[in-house]
Amino acid sequence: MTEGLEDYMLPCLNKQLFGIECLGCGIQRATALVFKGEFIAAFKTYPAIYSLIILILFLLFNLVVKVKYSTPIKIVLIATNVLIIVLSYGIKMNKYF
């Protein structure tokens, strides 16, 4: 099912033009790794992959079942994702400086 998935991944325009990865670099590979069952490799590729999956699942669940305190939950989940993405990007970019 996922063998040829890598053939359809979009290249990072930021990396092609400037030679520096963007905040989203790795999310496609991490998603493919999750589908393949390689969970640790997915986390190492893109550390925010699991918190993003939780956020997406909550947003989809909230479309079907209205959660009472959905707004604060969304804010916390989004803030957590932003924090993880920015911190992991900073750690990743540390090798360039």
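Summarising the geometry of Thr45 relative to Gly26, their closest heavy-atom pair is CG2-O, 3.5 Å, with the distance given to 0.1 Å. Between Gln16 and Pro11, the closest heavy-atom pair is NE2-CB, 3.4 Å. Minimum interatomic distance between Ala42 and Val34 (heavy atoms only, all atoms of both residues): CB-CG2, 3.6 Å. Residue Ala32 comes nearest to Met9 through the heavy atom pair CB-CE, 3.6 Å, listed as atom of the first residue, atom of the second, then distance.
Both Tyr46 and Tyr89 belong to a single network of hydrophobic side chains, linked directly or stepwise wherever heavy atoms of I, L, V, M, F, W or Y lie under 4.5 Å apart. Hydrophobic clustering keeps Val76 apart from Val86 (ILVMFWY residues linked when any side-chain heavy atoms are closer than 4.5 Å, directly or through intermediates). Hydrophobic clustering, with ILVMFWY side chains joined whenever heavy atoms are under 4.5 angstrom apart, groups Leu52 together with Leu57. Leu23 and Phe43 end up in the same hydrophobic cluster when Ile, Leu, Val, Met, Phe, Trp and Tyr side chains are linked at under 4.5 Å. When hydrophobic clusters are built by joining Ile, Leu, Val, Met, Phe, Trp and Tyr residues whose side-chain heavy atoms come closer than 4.5 Å, directly or via intermediates, Ile73 is not grouped with Ile53.
A distance-only check finds no donor-acceptor pair linking the side chain of Asn81 to the backbone of Leu55 [under 3.5 Å]. In this structure, the side chain of Gln28 engages the main chain of Leu10 through a donor-acceptor pair within 3.5 Å.
For the atom pair CD1 (Ile27) and CZ (Arg29), the distance works out to 11.0 Å, reported to the nearest 0.5 Å. Note: Ile85 CD1 to Lys92 NZ = 10.0 Å, rounded to the nearest 0.5 Å. Between Lys15 atom NZ and Cys25 atom SG the span is 6.0 Å, to the nearest 0.5 Å.
Residues Ile20 and Met93 are in side-chain contact: their nearest non-hydrogen atoms beyond the backbone lie under 4.5 Å apart. Ile54 has its side chain out of reach of Thr80: every pair of non-hydrogen atoms, C-beta onward, lies at least 4.5 Å apart.
Aromatic ring orientation, Tyr50 versus Phe39: tilted (interplanar angle from 30° to 60°).
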Check: residues 58-71 side-chain donor-acceptor pairs under 3.5 Å, at least two apart:
{"residue": "Asn62", "atom": "OD1", "partner": "Val67", "partner atom": "N", "Å": "3.0"}
{"residue": "Lys66", "atom": "NZ", "partner": "Asn62", "partner atom": "O", "Å": "3.4"}

